[in-house]
Peer 1: 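Handing you a structure now.
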Amino acid sequence: MSLENKEIPAAPSDFIRDIVAQHVAEKKYPQIHTRFPPEPNGYLHIGHAKSICLNFGIAHEFGGVCNLRMDDTNPAKEDVEYVNSIIEDVNWLIAGWADDKLGLKPKGKTPETVTSNGRPDFYLGHSTLNPQPSNGLEPFYASDYFDQLYEYAVALIKKGNAYVCDLTPDETDEYRRNAKESPFRNRSGEESLDLFTRMKNGEFPDGKRTLRAKIDVTAPNVWMRDPLIYRIRHADHHHTGGKWCIYPMYDFAHCLSDYIEGITHSICTLEFEVHRPLYDWILTHLDLPRPLPHQYEFARLSLTYTVMSKRKLLQLVDEKLVTGWDDPRMPTISGIRRRGVPATALRAFAYNIGITKYNGLTDVAVLEHAIREDLNKRALRRLAVLRPIKVVLTNYPEGKTEELDAVNNPEDENAGKRKIPFSRELFIEQDDFKEVAVPKFFRLKPSGEVRLKYAYIIKCDEVVKDAVGNITELRCTADLDSKTGGPTANRKVKGTIHWVSAAHAIDAEVRLYDRLFTVPEPDKATAAAGSELSAEPRANDFKSTLNAHSLEVVTAKCEPSLKDAKPELRYQFERLAYFALDKDGAPGKLVLNRTITLKDTWAKEAQKG
RNA sequence: UGCCCGAUGGUGUAACGGUAGCACAGCAGACUCUGAAUCUGUUUGUCAUGGUUCAAAUCCAUGUCGGGCAGCCA
């Protein structure tokens, strides 16, 4: 069994899963049916990953289905680029885990008019389960239901539960704030129907009229104060083209999309909690013949050292503060993937943080731990030197090369071994030599000994410097009996360091990524903290906390086996970090991204002084 | 301001009227041919005040603090 298919830890329990489990026990529904409904107006981020893992996790654990649906009712903000990235990201995240629960539909399929329980109904039929979306299948689109939503709106008007309103946007706001009835509230159903038809036919400009649900303008919950359910937008839609100039609002489209698809559990984030009465109102006022979906809310994810809002992420992209949506420093799923994080690690993280209604702030260390735990098990060990310093072994024959055995992964016997060339001239890490060593520094120092991993114990005899005092070379002698497996191999020296043979090393462009922000809560940053004490954070202030050193590029010296590195594999440069191939690489040009460093207890110790 | 929701160690979560547990982080140690991993130990917690009860993190009331909503965005 490969790591990709390895099951993630025991299914968690939370208040939503408890509800679902109860419904399953009661046999309340023939099948549990969730959905993941992003708006295609940006790339998915790690907060969406939490939602994906919840919705697909429930489908996975309770034998259900989870539809992927584009919540695309606002043509102004949405784009096919985003649709495609969403499909790619979801498929990547659920691959080998819940891809058999992914609900799709045949391309172009729209809801059918059927009879359910003796009454007319719109229903899409059962979702198609298929892990290959390219196979004539596509995700669901709220925009595929525009015909049906229009019919539902007409039905509401005919029942006296909706009316066309001519108030301007400002007036609408004012009336709603003051709990005042619109003067158009009591116009006849016939007149509303006529005006709604003409809205649809394009007779009015944007903003001229709206369709509103007739509920209760004095309701304490403002979303019940005759909310808008349709507005005029003369704009092409990425999926329906120029067919429509009126578009349904979220509240109207979402609950009915859930219904049309046969969703049982409609799970969303906390900010929609106040919308739930409206969700229920619309569904219960349309005399729908099948069981109604129900909405449940959980807290969205916040992470330290991260911004999560699509607006801010878009700003980073637009202002070229990162290289794109998939910049490995971005908290987007595509960025995280490019950074080298396996989907299994992201899923483990999502499971570990749990689901509640408390708006907390999760320490990014929890994510980092999940990544390290995953990578430790799968990464192939390699020797590579990021910042080289030359070492010459004066007692080792010139021109001699040995092939030394090296373990590919101590956590996985099946990963096997490889050969590493060893010779008289080597590179070691600058950090692994100190001319004036501090007490607990047990790496290489003048007259000190250190083990070269898989090779010999060496002793530093001489430090060679250039005219300005920079170290150019270390001249060392090797204990030629101390080679791994040799007579004095068990001689104890405190330190072991990594190295590469200078003559055999290959170069790689290595991108050392660090956190994008320097403070735990960039959203709370105040740019002008000096001049305006206790100032409220302003919309753009988060950019003042960007980490200037979030990317450093070095040319590393790597052991030659790395020329065969594969994009689907992960590598650990021993004692340093985990790496993955970047798409910018080419045959003969190695480009690696640092996914995450190894834990570095020494760095912490050294900082203490 | 109105409405809604929430509050358990530093952080995130569990305990569903009956011993406050887990993970991350931290600290200390063991081991180590990766200062990684692994292993051991360990500091720190039920927002407050009342009430119900043999018994309250859990139920009730009030307060405090925090979050959300008040777009013709989702």
Peer 1: Within the pair A:Thr356 and B:G12, is there a side-chain N or O less than 4.0 Å away from OP1 or OP2?
Peer 2: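 Checking A:Thr356 against B:G12: no side-chain N or O falls below 4.0 Å of OP1 or OP2.
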Peer 1: Contact class for A:Gln572 vs. all strands (heavy atom < 4.0 Å): base, sugar-phosphate, or nothing?
Peer 2: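 Answer is base: heavy atoms of A:Gln572 come under 4.0 Å of a base.
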Peer 1: Would you tell me if any nitrogen or oxygen in the side chain of A:Arg176 comes within less than 4.0 Å of OP1 or OP2 on B:C72?
Peer 2: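 Yes, because at least one side-chain N or O of A:Arg176 sits under 4.0 Å from OP1 or OP2 of B:C72.
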Peer 1: Strictly by Watson-Crick or wobble contacts shorter than 3.5 Å, is anything paired with B:C59, and which nucleotide is it?
Peer 2: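 WC or wobble partner is B:G51.
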Peer 1: Using the C1' atom as the reference point in each nucleotide, state the distance between B:G51 and B:U43 in Å, no decimals.
Peer 2: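 Comparing C1' positions in B:G51 and B:U43 gives a spacing of 35 Å.
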Peer 1: Please indicate yes or no: is the ring centre of A:Trp602 less than 5.5 Å from the centre of the six-membered base ring of B:G35, with the two planes inclined by under 30 degrees?
Peer 2: yes
Peer 1: Using ring-ring contact (aromatic ring centres under 6.0 Å, His included), reason through A:His294 and A:Tyr279 one step at a time and then give a plain yes or no.
Peer 2: CA-CA 8 Å; A:His294 288 279; A:Tyr279 183 103; 7.9 Å; no
Peer 1: I want to verify a distance call: between B:A25, B:G12, B:C72, whose nearest atom is closest to the A:His369 side chain?
Peer 2: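 The answer is B:A25.
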Peer 1: Tell me what A:Phe441 touches on the nucleic acid: a base, only sugar-phosphate, or nothing, going by heavy atoms under 4.0 Å.
Peer 2: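 A:Phe441: base contact, heavy atoms under 4.0 Å.
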Peer 1: What does B:G2 pair with, Watson-Crick or G-U, if both distances are under 3.5 Å?
Peer 2: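 B:C69 is the nucleotide pairing with B:G2.
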Peer 1: Please work out whether B:G63 sits syn or anti, treating a glycosidic angle within 90° of 0 as syn.
Peer 2: anti
Peer 1: What does A:Ile232 touch in the nucleic acid at a heavy-atom separation under 4.0 angstrom: a base, only the sugar-phosphate, or nothing?
Peer 2: nothing
Peer 1: Looking only at atom P, what distance separates B:A57 and B:C16, rounded to whole Å?
Peer 2: 12 Å
Peer 1: Give a yes/no on whether any side-chain N or O of A:Arg443 is located under 4.0 angstrom from OP1 or OP2 of B:C33.
Peer 2: no
Peer 1: Report the base-pairing partner of B:C33 (Watson-Crick or G-U wobble, both distances below 3.5 angstrom), or none.
Peer 2: none
Peer 1: Can you check whether any acceptor in the base of B:C72 is under 3.5 Å from a donor in the side chain of A:Thr210, or vice versa?
Peer 2: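 Checked by distance alone, the answer is no.
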Peer 1: Between the side chains of A:Asp170 and A:Thr168, does any donor sit under 3.5 Å from an acceptor?
Peer 2: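 On atom types as modelled, these side chains do not qualify, holding no pair under 3.5 Å.
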Peer 1: How would you label the contact of A:Leu167 with the nucleic acid (heavy atoms, under 4.0 Å): base, sugar-phosphate, or nothing?
Peer 2: base
Peer 1: Specify the separation, in whole Å, of atom NE2 of A:His254 and atom C1' of B:C73.
Peer 2: 14 Å
Peer 1: When we call it a touch if two heavy atoms are under 4.0 Å apart, what does A:Asp206 touch: a base, just sugar-phosphate, or nothing?
Peer 2: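 Since no nucleic acid heavy atom lies under 4.0 Å of A:Asp206, the category is nothing.
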Peer 1: Which part of the nucleic acid, if any, lies within contact of A:Val274, taking any heavy atom under 4.0 Å across all strands shown: a base, the sugar-phosphate backbone alone, or nothing?
Peer 2: base
Peer 1: Looking at B:G71, B:C33, B:C24, which one has an atom nearest to any side-chain atom of A:Met249?
Peer 2: B:G71
Peer 1: Applying salt bridge (Lys or Arg N to Asp or Glu O under 4.0 Å) to A:Arg198 and A:Glu203, what does each step give before you reach the verdict?
Peer 2: CA-CA 6 Å; A:Arg198 291 166 60 192; A:Glu203 292 186 30; 2.7 Å; yes
Peer 1: Under 3.5 Å, is there a donor-acceptor pair between the A:Asn67 and A:Glu261 side chains?
Peer 2: yes
Peer 1: Could you tell me which nucleotide pairs with B:A7 by Watson-Crick or G-U wobble geometry, both distances under 3.5 Å, or answer none if nothing does?
Peer 2: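 Paired with B:U64.
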Peer 1: Where the side chain of A:Arg418 meets the backbone of A:Val407, is there a donor-acceptor pair that is under 3.5 Å apart?
Peer 2: yes
Peer 1: Looking across every strand, which nucleic acid part, if any, lies under 4.0 Å from A:Phe272 by heavy atom: base, sugar-phosphate, or nothing?
Peer 2: base
Peer 1: Quickly work out the A:Asp170 CG to B:G71 C1' distance and round it to whole Å.
Peer 2: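 About 11 Å, once rounded to whole Å.
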Peer 1: Would you check if the side chain of A:Asp481 reaches a backbone N or O of A:Thr488 as a donor-acceptor pair within less than 3.5 Å?
Peer 2: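 No, because the side chain of A:Asp481 does not come within donor-acceptor range (under 3.5 Å) of the backbone of A:Thr488.
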Peer 1: For A:Tyr454, answer base if it contacts any base atom (sugar-phosphate contacts may also be present), sugar-phosphate if it contacts only those atoms, and nothing otherwise; contact means non-hydrogen atoms under 4.0 Å.
Peer 2: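 Base contact - A:Tyr454 has a heavy atom under 4.0 Å of at least one base atom.
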Peer 1: Mind listing the residues from residues 37-53 of chain A sitting with a heavy atom below 4.0 Å of RNA chain B? Number order is fine.
Peer 2: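 Output list: A:Glu39.
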Peer 1: Look at the side-chain N and O atoms of A:Arg233 and state whether any lies under 4.0 Å from the OP1 or OP2 oxygen of B:C73.
Peer 2: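 It does, given that an N or O in the side chain of A:Arg233 lies less than 4.0 Å from OP1 or OP2 of B:C73.
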Peer 1: Please name the nucleotide paired to B:A74 by Watson-Crick or G-U wobble geometry with both distances under 3.5 Å, or report none.
Peer 2: none
Peer 1: Rounded to whole angstroms, how far apart are CD on A:Gln295 and C1' on B:C69?
Peer 2: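 So the two atoms are 13 Å apart, to the nearest Å.
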Peer 1: State whether A:Arg231 places a side-chain N or O below 4.0 Å from either non-bridging phosphate oxygen (OP1 or OP2) of B:C73.
Peer 2: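 So the side-chain polar atoms of A:Arg231 do come within 4.0 Å of the phosphate oxygens OP1 or OP2 of B:C73, strictly under.
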Peer 1: Distance check needed: B:C72 P versus A:Asp251 CG, whole Å only.
Peer 2: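 In whole Å, B:C72 P and A:Asp251 CG are 11 Å from each other.
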Peer 1: Does A:Lys310 place a side-chain N or O at less than 4.0 Å from the phosphate oxygens OP1/OP2 of B:C73?
Peer 2: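 No, because none of the side-chain N or O atoms of A:Lys310 sits under 4.0 Å from OP1 or OP2 of B:C73.
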Peer 1: Within the structure shown, what part of the strands sits under 4.0 Å from A:Gly360 by heavy-atom distance: base, sugar-phosphate, or nothing?
Peer 2: sugar-phosphate
Peer 1: Does the pair A:Glu39/A:Lys310 count as a salt bridge with the N-to-O cut at 4.0 Å?
Peer 2: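 Between A:Lys310 and A:Glu39 there is no salt bridge, as every charged N stays at least 4.0 Å from the carboxylate O atoms.
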Peer 1: Under 4.0 Å, counting only non-hydrogen atoms across every strand here, what does A:Thr304 touch: a base, just sugar-phosphate, or nothing?
Peer 2: nothing
Peer 1: If I take atom CG in residue A:Asp166 and atom C1' in nucleotide B:C72, what distance separates them, rounded to the nearest angstrom?
Peer 2: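 So the two atoms are 13 Å apart, to the nearest Å.
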Peer 1: Checking A:Arg378 against A:Thr344: is there a side-chain donor and acceptor pair closer than 3.5 Å?
Peer 2: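 A pair is found: one side chain offers a donor N or O, the other an acceptor, under 3.5 Å apart.
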Peer 1: So A:Leu598, base contact, sugar-phosphate only, or nothing? Heavy-atom distance under 4.0 Å.
Peer 2: base
Peer 1: Report yes or no: do A:Gln572 and A:Glu574 form a side-chain donor-acceptor pair below 3.5 Å?
Peer 2: no
Peer 1: Is A:Lys599 near enough to B:A37 that one of its side-chain N or O atoms lies under 4.0 angstrom from OP1 or OP2?
Peer 2: yes
Peer 1: Would you kindly check whether a donor in the side chain of A:His498 faces an acceptor in the base of B:A36, or vice versa, at under 3.5 angstrom?
Peer 2: no
Peer 1: Closer than 4.0 angstrom, basic N to acidic O: yes or no for A:Arg515 and A:Glu368?
Peer 2: yes
Peer 1: Students often get this wrong, so: under 4.0 angstrom with heavy atoms, is A:Thr484 touching a base, only sugar-phosphate, or nothing?
Peer 2: base
Peer 1: Between the main-chain N or O of A:Val364 and the side-chain N or O of A:His369, is there a donor-acceptor pair closer than 3.5 Å?
Peer 2: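 No, because the side chain of A:His369 does not come within donor-acceptor range (under 3.5 Å) of the backbone of A:Val364.
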Peer 1: Which nucleotide, if any, forms a Watson-Crick or G-U wobble pair with B:G26, using both distances under 3.5 Å?
Peer 2: B:U42
Peer 1: Starting at CH2 of A:Trp244 and ending at P of B:C72, how long is that distance when rounded to a whole Å?
Peer 2: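 A:Trp244 atom CH2 is separated from B:C72 atom P by 21 Å.
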Peer 1: Atom CZ of A:Phe442 to atom P of B:U34: distance rounded to whole Å?
Peer 2: 11 Å
